[in-house]
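I have placed the structure first, in the form of structure tokens, so that the comments after it can refer back to it.
Per chain, numbering begins at 1; letters A, B, ... match sequence-line order.
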There are 2 protein chains.
Amino acid sequence: MSKNSVSNSVIRRLPRYYRFLGELEKQGTVRISSRELSEKMALTASQIRQDLNCFGGFGQQGYGYNVSELREKIGEILGVHSGNPIILIGAGNLGRTIATHMSFAERGFRLIGIFDIDPKLSGVEIGDLKVRNSIELERFCIENSPTAAVLCIPKEAAAEIAKRLQSYGIKAFWNFSHFDLRSENSDVIVENVHLGDSLMTLAYGLNSMNDTEK
Amino acid sequence: MSKNSVSNSVIRRLPRYYRFLGELEKQGTVRISSRELSEKMALTASQIRQDLNCFGGFGQQGYGYNVSELREKIGEILGVHSGNPIILIGAGNLGRTIATHMSFAERGFRLIGIFDIDPKLSGVEIGDLKVRNSIELERFCIENSPTAAVLCIPKEAAAEIAKRLQSYGIKAFWNFSHFDLRSENSDVIVENVHLGDSLMTLAYGLNSMNDTEK
DNA sequence: TAGATTGTTAATCGATTAACAATC
DNA sequence: TAGATTGTTAATCGATTAACAATC
């Protein structure tokens with residue numbers, strides 16, 4: 001039944017729409033036209049209408065879109081209320097920050113476990129969870145059936161743990177390790193976050209700006 | 001003189017090439033053809049050749065590319081050795097993690113200052129830097145001329161601090177705040193990192209996978 | 001030289017933008 | 001009804017892929 005056909009470019013814009021609509025709603029804006037929204041978001045009205053029409057007609061001719069209704073619909077599409085159980089591997093600096101900083105519950109997930117291979121970290125509290133030792137992973141997965149995992153581990157460990165987690169039923173990876181995780185099977189999805197790449201892109205921009213100046 | 005014409009899609013792939021070439025070099029691979037590299041990176045050989053040729057002919061017909069030479073060249077293009085002075089605003093959880101975790105020096109930057117509005121954080125050591133109070137920002141910028149800033153602050157503060165920093169000469173922003181910073185003038189560049197958006201994209205993928213299954 | 005693989009041009013594909021008829 | 005703005009089709013633009021002549 002599903003809209004398998006919606007392009008990735010469109011999907012990746014949905015969270016941004018969701019954010020802007022949230023802001024508008026908070027400010028008390030009731031309705032908005034694609035043109036007005038396009039100005040706020042620095043894109044074209046055409047694109048907004050095209051994007052939204054991938055999922056159905058959310059607007060009304062002559063009126064525009066109802067802000068909170070549209071936000072709700074996009075939230076529905078993204079599945080922000082679906083509460084998929086997710087676990088986090090690697091309770092280092094980055095792992096702890098992600099665990100406490102990311103509002104999983106507002107974004108379609110429920111963080112139910114944090115794991116680390118270092119026994120010294122076992123029992124340490126992060127938010128309302130206690131770090132468990134990675135040895136417990138298999139049993140925990142059998143008992144709690146998480147479907148997603150955040151990887152905050154060194155790149156050397158990524159490939160192996162991803163494979164292991166797949167055998168425990170994990171279907172989605174949010175990968176912060178410095179390694180390009182690839183979804184071999186189509187029943188596993190990967191979102192690689194490469195902060196370093198983002199930073200280097202910024203360096204390029206800054207340097208080429210300087211070059212042009214001269 | 002500069003290659004202003006190189007498309008953003010190409011630029012965003014450069015750090016990934018750089019990473020893969022680094023791995024290859026580490027493994028002792030001396031030469032690689034676009035076809036071999038394309039298999040490792042899961043893209044087409046055509047694309048690799050097209051991408052690289054935006055910057056000049058780095059290969060040799062009948063041979064391929066010299067791994068470490070190519071890596072060096074791409075590093076040059078990205079400016080990984082350019083050491084642009086950068087400051088970080090917001091020494092909370094996320095700020096501390098970014099400061100310690102990002103290897104700025106390998107990616108074209110030199111982290112020279114960390115700031116927070118909370119006076120209680122002043123003097124706290126992060127890596128080899130001490131947190132300063134945001135009051136000192138202007139003087140610090142005059143004395144040290146940073147050209148870039150990392151924003152690890154709440155979204156409410158982002159617009160204002162970005163404006164202020166621009167008046168102190170900051171040209172590039174790496175923005176982690178939950179706010180879409182926009183570069184009004186073309187002499188300022190922005191790299192918005194929206195981890196929340198990335199996570200929601202993953203939720204969409206996971207949910208639509210479940211939908212299709214049934 | 002023969003084989004391999006680049007650099008580069010041409011063809012295809014997909015995504016964005018423009019236009020406009022439908023309709024609230 | 002008249003004005004506004006969507007939903008949707010068609011046109012344009014850009015990015016990716018294919019093909020092949022140049023050349024190491």
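With rounding to whole Å, B/F55 atom CZ is found 14 Å from C/dT8 atom P. What separates CZ of B/R31 from C1' of C/dG3 is a distance of 12 Å, to the nearest Å. One interatomic measurement links the two molecules: CD1 of B/I48 to P of D/dT17, which rounds to 11 Å at whole-angstrom precision. Rounded to whole Å, atom C1' of C/dT23 lies 14 Å from atom CG of A/N53. One can place CG of A/D51 at 12 Å from C1' of C/dT17, the figure rounded to the nearest angstrom. Rounded to an integer number of Å, the gap from B/L52 CG to C/dT5 C1' is 13 Å. Summarising the geometry, the separation between CD on B/Q47 and P on C/dT5 is reported as 20 Å, rounded to the nearest angstrom. Atom CD of B/E39 is separated from atom C1' of C/dT5 by 14 Å (rounded to the nearest Å).
Taking 4.5 Å as the limit, every side-chain heavy atom of B/N144 sits out of range of all side-chain heavy atoms of B/I87. Taking the side chain as every heavy atom from C-beta outward, A/I48 and A/Y17 approach each other to under 4.5 Å.
Between B/Y65 and the phosphate of C/dA4, there is no side-chain N or O to OP1/OP2 separation shorter than 4.0 Å. When the side-chain nitrogen and oxygen atoms of A/R35 are compared with OP1 and OP2 of C/dT17, none of them lie within a distance under 4.0 Å. The phosphate of C/dT17 (OP1 or OP2) has a side-chain N or O of A/T44 nearer than 4.0 angstrom.
Base-pair partner of C/dA15: D/dT12 (Watson-Crick or G-U wobble, both distances under 3.5 Å). The base-pairing partner of C/dT23, taking Watson-Crick or G-U wobble contacts with both distances under 3.5 Å, is D/dA4.
Comparing A/Q61 and B/I32 by the nucleotide of DNA chain C that holds the closest heavy atom to each, the one mapping nearer the 5' end is B/I32. For A/Q60 and A/N8, each mapped to the nucleotide of DNA chain C holding its nearest heavy atom, the one lying further toward the 5' end belongs to A/N8.
Ring pair B/Y168/B/F140: centre-to-centre distance not below 6.0 Å.
Under a 4.0 Å N-O distance rule, the pair B/D197/A/R107 does not qualify as a salt bridge.
No side-chain donor-acceptor contact under 3.5 Å links A/H194 and A/N175.
Here the nucleotide nearest the side chain of A/Q50, chosen from C/dA19, D/dT16, C/dT17, is C/dT17. Nearest to the side-chain atoms of A/S33 among the listed nucleotides C/dT17, D/dT6, D/dT17 stands D/dT6. Checked against C/dC24, C/dG7, D/dT17, the side chain of B/R49 finds its nearest nucleotide in C/dG7.
Donor-acceptor pairing under 3.5 Å, judged by distance alone, is present between the side chain of B/S46 and the base of D/dA18.
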